[in-house]
Amino acid sequence: MVSDLLKKVDDKHAVIGVVGMGYVGLPLLLCFVEKGFHAVGLDIDGKKCEMLMKGQSYIKHIPSERIKNCADSGLLRTSTDFAAARDCDAILIAVPTPLNRNREPDMSYLVSTCEMLAPYVRRGQLIVLESTTYPGTTDEVMVPILERHGLKAGKDFYVAFSPEREDPNRKDYSTETIPKVVGATTPDGLALAEKVYQQIIVRTVPVSSTRVAESAKLVENIFRAVNIALVNELKVAFMKMGIDVWEVIEAAKTKPFGYMPFYPGPGLGGHCIPIDPFYLTWKAREYGVVTKFIELAGEINTSMPDFVVQRVMDALNEVGKPLKGARVLMLGLAYKANVDDDRESPSYLLIEKLEEKGAVVEYNDPYVPVIRPSREFAKYAGRKSVAISGNYDLLLVATAHDDYRKIDFSKFSIPIVDTRNIARPGGKHVVMA
Ligand SMILES: NC(=O)c1ccc[n+]([C@@H]2O[C@H](COP(=O)([O-])OP(=O)(O)OC[C@H]3O[C@@H](n4cnc5c(N)ncnc54)[C@H](O)[C@@H]3O)[C@@H](O)[C@H]2O)c1
């Protein structure tokens with residue numbers, strides 16, 4: 001059975017399904033189409049399905065032209081009807097895995113995806129989970145649901161886990177050039193999953209189990225969360241000592257080995273780093289283990305917006321103004337430079353905290369002209385980006401978009417609070433935060 005499918009993939013006759021056409025799933029889907037595979041994109045969002053078939057992008061760094069080429073090729077199909085999964089030889093799942101209100105893993109998207117797929121699972125199919133999650137999810141959550149209609153994983157169909165390492169808008173690496181870790185529940189499943197990914201990705205990295213693959217992804221993101229926390233803590237310490245942490249980092253990073261630079265900021269953002277480490281924390285509790293490093297990093301990183309608010313108050317104080325009633329223009333709503341992704345962005349916490357203290361906050365972000373509805377910050381939906389001007393009491397730099405690096409900050413006579421080290425040396429009244 002497996003040899004048939006391996007051959008089908010080699011011959012590019014296999015049909016590839018991708019569930020969840022977001023930041024991760026969409027580029028994956030397009031890569032398979034570009035390599036000549038028939039591919040099916042499944043999503044519960046009918047609008048995304050329609051836009052793709054019209055050749056329209058909804059993600060800034062994925063050009064419409066690329067999507068249009070795929071749509072025009074006749075190889076791409078999108079649907080909200082999961083019956084189309086029956087036509088697929090391999091199905092890759094990239095749906096959200098956020099935290100719930102109690103900061104515990106929210107498996108609801110994955111569970112509902114598997115429930116919708118389950119009736120259409122067929123013999124010989126490969127199903128791969130790509131969403132970031134705790135070790136054991138593939139075996140404990142995904143497999144039992146997919147087996148509900150009688151077929152057995154590992155015997156009748158194949159299951160694997162292969163974490164996504166997408167870094168949206170990265171110029172030096174793309175979906176195709178980032179090696180991909182793959183773990184499966186059986187050797188056949190592993191062979192098949194590797195074969196599928198080898199069609200589009202430079203190198204696969206096989207590991208012995210889905211649990212190892214799930215853990216590898218968490219380690220990568222925990223590493224980032226902990227190092228960002230470390231540099232945020234050092235920022236606060238060095239500031240007290242009158243030492244410029246950004247200059248320190250520039251100097252330290254000249255060491256050719258044993259060090260890599262991380263940069264301080266207003267807090268963590270995005271769909272990964274603030275969330276994923278707590279997937280491990282949650283699972284480790286089941287084994288009586290407390291993941292202190294992760295918790296401490298979370299504590300430090302989540303305290304950063306308060307630190308920034310204090311710096312805003314200090315900066316206003318210097319010019320004899322209270323925060324209450326002050327008009328603040330925040331530059332940057334996206335959580336990182338040059339992307340339109342504002343999920344979990346610390347900018348929202350800054351708005352919230354400043355407004356709680358009576359400030360009047362507006363924002364500018366060339367990539368987020370209007371705030372879209374979101375679960376966490378629904379109250380800000382509909383607010384619009386405004387033009388940058390000096391007609392405020394303070395400018396707060398929250399994101400290092402390239403557009404902002406081009407600003408001549410020397411033209412502003414108001415205080416500037418800079419969390420990204422881009423307003424110096426031009427700005428006259430720059431307070432680092
Ligand atoms: N964004 C990144 O940079 C990144 C990087 C690495 C890993 N990841 C992980 O990849 C996964 C997906 O993240 P993303 O950023 O692509 O999310 P996203 O929100 O951009 O996209 C998820 C898509 O899934 C769809 N969806 C939701 N529920 C569904 C369901 N039941 N059935 C079908 N479709 C459904 C949504 O409509 C959306 O189009 C997450 O686990 C995330 O942690 C993300």
Side-chain angles (χ1 to χ4, degrees), residues 17-30 40-52 57-62 67 78-85 88 91-99 105-120 127-134 137-138 141-142 145-146 161-170 173-175 178 180-181 213-214 216-225 268-280 334-345 372-376:
V18 175
V19 186
M21 292 182 293
Y23 285 86
V24 168
L26 180 56
L28 207 57
L29 181 74
L30 299 178
V40 182
L42 293 168
D43 205 295
I44 48 171
D45 186 341
K47 197 157 167 253
K48 282 186 182 162
C49 294
E50 274 171 34
M51 285 180 76
L52 293 178
S57 179
Y58 43 81
I59 296 178
K60 179 184 100 50
H61 63 274
I62 302 180
I67 295 171
T78 62
S79 181
T80 54
D81 180 357
F82 279 53
C88 301
I91 298 173
L92 318 176
I93 302 175
V95 295
T97 44
L99 293 171
D106 176 356
M107 288 284 114
S108 61
Y109 299 87
L110 178 60
V111 167
S112 71
T113 296
C114 292
E115 284 172 347
M116 287 191 282
L117 284 176
Y120 307 108
I127 303 182
V128 189
L129 179 59
E130 294 230 357
S131 303
T132 309
T133 186
Y134 58 81
T137 307
T138 309
V141 179
M142 189 166 102
I145 304 175
L146 296 178
F161 181 86
S162 182
E164 186 48 62
R165 286 167 158 171
E166 191 74 17
D167 184 9
N169 205 36
R170 209 185 170 94
Y173 286 98
S174 65
T175 312
I178 304 171
K180 202 147 177 23
V181 172
E214 288 159 339
K217 172 70 189 182
L218 291 183
V219 166
E220 293 164 16
N221 285 355
I222 291 165
F223 175 80
R224 287 192 63 74
L268 288 185
H271 190 9
C272 298
I273 312 298
I275 293 170
D276 303 346
F278 295 99
Y279 268 66
L280 189 68
Y335 79 92
K336 72 169 185 177
N338 308 323
V339 300
D340 58 354
D341 191 348
D342 58 345
R343 291 175 295 175
E344 307 277 329
S345 174
R372 293 159 290 215
S374 69
R375 280 194 315 165
E376 306 90 14

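What you are looking at is a predicted structure, and each value in this text was computed from that prediction instead of being measured. Position 1 is the first residue of the sequence, and the numbers go up from there. Counting starts at 1 for both ligands and their atoms, following the listed order.
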Using a 4.0 Å cut-off on heavy atoms, what residues surround ligand 1? Order them by chain and number.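 Protein residues near ligand 1 are Val19, Gly20, Met21, Gly22, Tyr23, Val24, Asp43, Ile44, Asp45, Lys48, Phe82, Ala94, Val95, Pro96, Thr97, Tyr109, Ser112, Thr113, Met116, Ser131, Thr132, Glu164, Glu166, Pro168, Lys217, His271, Cys272, Arg343.
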Quick check: does any side chain N or O of [X] sit under 3.5 Å from a backbone N or O of [Y], one acting as donor and the other as acceptor?
X	Y	value
Asn169	Asn338	yes
Lys180	Ser162	yes
Thr97	Thr132	yes

What distance separates Leu268 CG from Tyr335 OH, expressed to the nearest 0.5 Å?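 If we round to the nearest 0.5 Å, Leu268:CG and Tyr335:OH are 10.5 Å apart.
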Under the criterion side chain to side chain contact (heavy atoms under 4.5 Å, CB included), which of Val95, Leu28, Ile93 is the partner of Glu130?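 Going through the options one by one, the only one that passes is Leu28.
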Which residue is it: Met21, Glu166, His61, Glu164? I am looking for the one with a side chain to side chain contact (heavy atoms under 4.5 Å, CB included) to Pro27.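 That would be Glu166.
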